Amino acid sequence: MLTLTSASSALTLFPECKTQRRRFSISAAADDKFPSFLPKQMEEIKDPFARKLATRIERLPVNVSFSEKSIMSSCVKPLIQSNQNPVVLLHSFDSSCLEWRYTFPLLEEAGLETWAIDILGWGFSNLERIKSCDVASKREHFYQLWKSYIKRPMTLVGPSLGAAVAVDFAVNHPEAVENLVLIDASVYAEGTGNLAKLPRAVAYAGVSILKSFPLRLYTTFLAFKGLSFDTGLDWVSIGKLHCLYPWWEDATVSFMISGGYNVSRQIDQVMQKTLIIWGEDDQIISNKLAVRLHCELPNSNIRQIPDCGHLPHVEKPDSAARLILEFMQNHSCQKKAQLAPTEEVVY
């Protein structure tokens with residue numbers, strides 16, 4: 001059962017943020033005011049957490065070299081500003097910031113300055129005039145968004161393929177990333193593999209299957225343990241909202257034929273302190289790869305969440321939020337210890 005009670009105890013991890021606490025009220029409301037750019041099917045979503053977070057999605061202009069005009073880029077901005085560096089949440093493959101609907105409020109309740117960002121090509125950004133959604137484009141877009149709005153080193157959180165996005169970004173822009181949190185990380189896949197060699201017409205046919213309801217229903221029940229059928233149906237609807245935009249197929253084909261993310265050779269270049277979180281019952285990526293990743297990352301800790309599948313921040317948000325908060329607290333304490341002046345002993 002999902003609760004928000006753990007957020008209250010988590011506040012003790014950041015005592016300096018208590019005065020900035022904001023209550024995240026959750027209730028299903030027929031009169032939720034959604035941004036006009038969201039697909040109208042958002043009105044049909046039942047999940048009150050998704051509905052509440054959707055009301056906060058906005059588009060920010062981001063200038064990039066591969067577009068003459070700014071990309072109106074979707075994200076959820078923080079309600080609070082903290083003395084701590086911000087935590088920035090990416091999402092998994094072909095998803096959106098709504099993936100963080102359960103964990104985002106917990107982190108925010110604990111006083112963290114929290115962003116949820118849609119990766120270029122997915123989510124709710126306006127991509128009407130964008131022709132390229134390859135890895136380099138995604139990286140540049142995220143960097144320009146960070147440079148324009150976030151502006152401080154961040155704790156970057158990436159689940160599944162979002163972990164590959166995070167690793168690639170941390171290696172190429174280390175000044176922007178203070179820490180990493182990788183959740184059930186998909187970092188050993190060799191990009192999109194043979195899909196990159198498909199003729200464009202065949203690629204479009206494959207992409208149309210990717211957004212099909214039966215395939216997404218199957219992957220949803222594969223990703224989560226013990227999910228009820230009714231909840232699964234609603235989660236599929238949430239997960240495919242962004243596929244309803246007319247540019248989704250073009251963006252996905254662009255990513256597919258570009259070769260996608262292949263970051264296995266970048267892993268030993270990651271210098272940031274890293275927390276690896278893994279669902280113990282992940283049926284999509286073996287937890288043996290979590291151990292391998294821990295061995296290959298020079299400065300990492302690993303934590304497993306029992307009775308949990310591929311996306312702990314959706315399935316076990318209390319546990320995921322607690323681990324992220326503890327990780328950030330430990331790092332903050334270490335920084336303070338390093339900055340504290342040493343007392344000179346005189347004999």
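None of the values given here were measured: they were computed from a predicted structure.
The shortest heavy-atom contact between Glu140 and Ser65 is OE2-N, 2.6 Å. Of all heavy-atom pairs between Pro306 and Gln304, the closest is CD-O, 3.7 Å. Closest non-hydrogen pair, Glu99 versus Ser92, comes out as OE1-OG, 2.6 Å. What you find for Gly123 and Ser96 is that their closest heavy atoms are CA-CB, 3.7 Å. Of all heavy-atom pairs between Leu53 and Cys97, the closest is CD2-O, 3.7 Å.
The neighbour count for Tyr218 OH, taken as heavy atoms of other residues, nucleotides or ligands under 6.0 Å away, does not exceed 12. Annotation for Glu68: atom CD does not count as buried by contact number, only 12 or fewer foreign heavy atoms lying within 6.0 Å.
For Arg139 and Asp134, the salt-bridge test fails: no basic side-chain N is under 4.0 Å from an acidic carboxylate O. Glu108 has a carboxylate O that lies under 4.0 Å from a charged side-chain N of Arg56, or vice versa, which qualifies the two as a salt bridge. The existence of a salt bridge linking Lys46 and Asp234 is excluded, since no basic side-chain nitrogen approaches an acidic carboxylate oxygen closer than 4.0 Å. Salt bridge absent: Arg152 and Glu178 never bring a charged side-chain N and a carboxylate O closer than 4.0 Å.
With contacts defined as side-chain heavy-atom distances shorter than 4.5 Å, the pair Cys243/Asp94 qualifies. Contact annotation: the side chain of Lys138 approaches that of Trp122 to within less than 4.5 Å [non-hydrogen atoms, C-beta and beyond]. Contact annotation: the side chain of Asn301 approaches that of Lys273 to within less than 4.5 Å [non-hydrogen atoms, C-beta and beyond]. Within the 4.5 Å cutoff, side-chain heavy atoms of Ile150 are placed close to those of Val88. Counting only heavy atoms from C-beta outward, the side chains of Leu198 and Asn194 never approach each other to under 4.5 Å. Counting only heavy atoms from C-beta outward, the side chains of Asp184 and Ser160 never approach each other to under 4.5 Å. Between Leu112 and Ile80, the closest side-chain pair of non-hydrogen atoms is not below 4.5 Å. Taking the side chain as every heavy atom from C-beta outward, Leu323 and Phe327 never approach each other to under 4.5 Å.
Between Phe93 and Phe255, the angle of the ring planes lies from 30° to 60°, which puts this pair in the tilted group.
Scored by the ring-ring contact (aromatic ring centres under 6.0 Å, His included) test, Tyr143 finds Trp146, His173 as partners (sequence neighbours excluded).
Met271 CE to Leu180 CG: the interatomic distance, rounded to the nearest 0.5 Å, is 11.0 Å.
Remark: Arg59 fails to qualify as a cation-pi partner of Phe124 under the 6.0 Å distance and 45° angle criteria applied to the six-membered ring. A cation-pi contact links Arg101 to Trp235, judged by a cut-off of 6.0 Å to the six-membered ring centre and 45° from its axis. A cation-pi contact links Arg292 to Tyr188, judged by a cut-off of 6.0 Å to the six-membered ring centre and 45° from its axis.
For His313 and Trp100, the ring centers are positioned less than 6.0 Å apart. Between Trp115 and Tyr149, the distance separating the two ring centers is not shorter than 6.0 angstrom. Aromatic pair Phe142/Phe169: ring centres closer than 6.0 Å.
A donor-acceptor pair is defined here as one N or O able to donate and one able to accept, closer than 3.5 Å; such a pair exists between the side chain of Ser228 and the backbone of Thr231.
Leu241 and Phe34 end up in the same hydrophobic cluster when Ile, Leu, Val, Met, Phe, Trp and Tyr side chains are linked at under 4.5 Å.
No side-chain N or O of Ser125 forms a donor-acceptor pair with one of Ser73 less than 3.5 Å apart.
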